[in-house]
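Sequence lines set the chain letters: A, B, ... in the order given, protein chains first and strands last, and positions in each chain run from 1. A quick note: this is a predicted structure, and the numbers were derived from the prediction, not measured.
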Protein chains: 2
Amino acid sequence: MHLDQWEVAAIDLFLNAANSFGLPKSYGQIYGLLFCRDLPLAMDEVMELLNISKGSASQGLRALRQLGAISSVFAPGDRKERFVAEIRLRKLVGGFLREQADPHLDKGVARLKQIETLLVDLDDSDSCKRGNRRHEILSGWHRQMSRLLPWVKMIVGKSDRLPAKNKN
Amino acid sequence: MHLDQWEVAAIDLFLNAANSFGLPKSYGQIYGLLFCRDLPLAMDEVMELLNISKGSASQGLRALRQLGAISSVFAPGDRKERFVAEIRLRKLVGGFLREQADPHLDKGVARLKQIETLLVDLDDSDSCKRGNRRHEILSGWHRQMSRLLPWVKMIVGKSDRLPAKNKN
DNA sequence: TAATTTGTTCAAGTTTTTTTGAACAATCTG
DNA sequence: CAGATTGTTCAAAAAAACTTGAACAAATTA
């Protein structure tokens, strides 16, 4: 049981990618390993191949499934749960946006409301005016980000099924 | 010298936003403070208002300028450098993509090349075939992400200059 | 030139995040 | 049921990220 060199490199690629998306390294490693493999892997195989602990493997696999980045299959006549990577970029991006971006936008709405509240009972009219201008700007940003996300999902999915027209 | 309540709330909003973009909290606080203010602030004012150290202020201001999120002005007859926030979302997003996303895409190209290399001198033809399929998938993802970024810049900028049509 | 102002650097300290592994549940098997 | 297998939880350890502040450099002023 071992990893090929190119698999090590690919896993490292995903490790770094996870990091830059704000996810733990181990999530990237686990996804990367499953991405490389054709056959589903069980938790103990993931642990052994990556040299990570039971806890990391268990939590990582759960989080990745929650993100829609992996899914599990049960081999008939076997108690073990085995995992495979989702490789459609559209699904990966969609899951990430749903679990990470959308909640942030929601929190943003709440915070904007809070600022409104603080602005209402404020007698310093200069600060109030300034605050209202800022509130408008933030609302505009929020609106634009909300508009953007659907486009991202759309554009990324676009050529999943289109074969490349030419070879360069 | 003090912060209004709404400013505290706005600064906290940016603190959290910075966090979720993978930037240090203090960067968010500094940007948030400048975002709230009409007049440029000098480093010592930023330090005092946010209760952060010289080091954090210096590094934060530098990084934010590098990102294009703030710019500096010199009051005539004063040695101090003072800072103002960039509030055009298009510029903010553009700077972020330039400094964060683009480098990652470049690193991705390098890693893909490395994987190619490892695949070339590999005699296990099964692993080789599998590796080549994965390499193709990754190349496709890279292409799609490269396509996406220009759209993001475009869509986000769109209504910066359009005034809101109505008041709600 | 000495003293002051403004800002940078980076080693050390602090805080936060991630990982580990032992204890615990739940499910199957003989 | 006792023992084996599979997987979860979470407190403590380890690692990573962030912040601090004292020492330093550069530019200015008296």
Side-chain angles (χ1 to χ4, degrees), chain A residues 11-12 14-34 40-67 69-84 99-100 104, chain B residues 11-12 14-34 40-67 69-84 99-100 104:
Chain A
I11 288 166
D12 189 58
F14 281 105
L15 183 157
N16 280 103
N19 238 337
S20 55
F21 284 118
L23 300 173
K25 293 185 318 180
S26 62
Y27 293 14
Q29 292 179 288
I30 294 170
Y31 179 84
L33 172 58
L34 296 176
L41 293 181
M43 196 175 93
D44 55 353
E45 298 174 296
V46 170
M47 284 169 57
E48 194 192 324
L49 286 164
L50 297 175
N51 281 300
I52 63 177
S53 67
K54 233 180 172 190
S56 283
S58 174
Q59 293 179 187
L61 289 167
R62 178 147 45 100
L64 287 168
R65 182 163 46 192
Q66 167 72 11
L67 276 170
I70 67 178
S71 56
S72 61
V73 297
F74 282 92
D78 190 346
R79 278 211 273 150
K80 278 182 186 162
E81 189 174 11
R82 293 165 181 280
F83 300 88
V84 291
E99 297 294 319
Q100 312 281 318
H104 280 121
Chain B
I11 289 166
D12 190 59
F14 281 104
L15 182 157
N16 281 102
N19 240 337
S20 56
F21 283 117
L23 300 173
K25 294 185 316 177
S26 63
Y27 293 15
Q29 292 179 287
I30 295 170
Y31 179 83
L33 172 59
L34 297 176
L41 293 182
M43 195 175 94
D44 54 353
E45 297 173 299
V46 170
M47 283 170 58
E48 193 193 326
L49 286 165
L50 297 175
N51 280 301
I52 62 176
S53 69
K54 234 180 171 191
S56 283
S58 174
Q59 292 179 188
L61 289 167
R62 177 147 46 99
L64 287 169
R65 182 162 47 195
Q66 169 72 12
L67 277 169
I70 67 178
S71 56
S72 60
V73 298
F74 281 91
D78 190 346
R79 280 211 272 151
K80 278 182 185 161
E81 191 175 11
R82 293 166 181 279
F83 301 87
V84 291
E99 296 295 320
Q100 312 280 317
H104 280 122

**Message:** A:Glu45: which residues meet the side chain to side chain donor-acceptor pair (under 3.5 Å) condition with it, sequence neighbours left out?
**Reply:** A:Arg82

**Request:** For DNA chain D, find the residues of residues 70-83 of chain A with a heavy-atom distance under 4.0 Å and give them by number; none if there aren't any.
**Result:** A:Arg79, A:Lys80, A:Glu81

**Asked** Hey, can you pull the residues of residues 48-60 of chain B with a non-hydrogen atom under 4.0 angstrom from DNA chain C?
**Response** B:Lys54, B:Gly55, B:Ser58, B:Gln59

**Prompt:** B:Glu45 CD to C:dG7 P: how many Å, rounded?
**Reply:** 10 Å

**Message:** Rounded at 0.5 Å granularity, tell me how far CG in A:Leu15 sits from CD in A:Gln29.
**Reply:** 5.0 Å

**Item:** Contacts of A:Lys80 that satisfy side chain to side chain donor-acceptor pair (under 3.5 Å) - sequence neighbours left out
**Value:** A:Asp44

**Prompt:** Between the two end axes of the helix from C:dT1-D:dA30 to C:dG30-D:dC1, each built from 5 base pairs, what angle do you get to the nearest 10°?
**Reply:** 10°

Donor-acceptor pairs under 3.5 angstrom involving side-chain atoms of residues 46-54 of chain A: please list them, not counting sequence neighbours.
{"unit_1": "A:Ser53", "atom_1": "OG", "unit_2": "A:Ser56", "atom_2": "N", "d": "3.2"}

**Fill in**
Between the CD1 atom in B:Ile30 and the CE atom in B:Met43, the distance rounded to the nearest 0.5 Å is 9.5 Å

**Asked** Looking at residues at least two apart in the chain, or sitting in another chain, which of them share a ring pair (Phe, Tyr, Trp, His ring centres under 6.0 Å) with A:Tyr31?
**Response** A:Phe14

**Complete:** Nt span of DNA chain D in reach of chain B heavy atoms at under 4.0 Å, 5' end first, is D:dC18 to D:dT28

Residues 16-28 of chain B side chain polar contacts: donor-acceptor under 3.5 Å, at least two apart:
{"unit_1": "B:Asn16", "atom_1": "OD1", "unit_2": "A:Arg111", "atom_2": "NH2", "d": "3.0"}
{"unit_1": "B:Ser20", "atom_1": "OG", "unit_2": "B:Asn16", "atom_2": "O", "d": "3.4"}
{"unit_1": "B:Ser20", "atom_1": "OG", "unit_2": "B:Ala17", "atom_2": "O", "d": "3.0"}

**Message:** What's the separation between atom CG in A:Leu41 and atom CD1 in A:Ile70, rounded to the nearest 0.5 Å?
**Reply:** 10.5 Å

**Item:** Residues which pass ring pair (Phe, Tyr, Trp, His ring centres under 6.0 Å) with B:Phe74, listed by chain and number, not counting sequence neighbours
**Value:** none

**Asked** Listed by chain and number, what are the side chain to side chain donor-acceptor pair (under 3.5 Å) partners of B:Glu99, not counting sequence neighbours?
**Response** B:Gln66

**Request:** Could you pull out all residues at least two apart from B:Glu81 that satisfy side chain to side chain donor-acceptor pair (under 3.5 Å)?
**Result:** B:Arg65, B:Ser72

**Fill in**
Residues B:Gln100 and B:His104: closest non-hydrogen pair is O-ND1, 2.8 Å

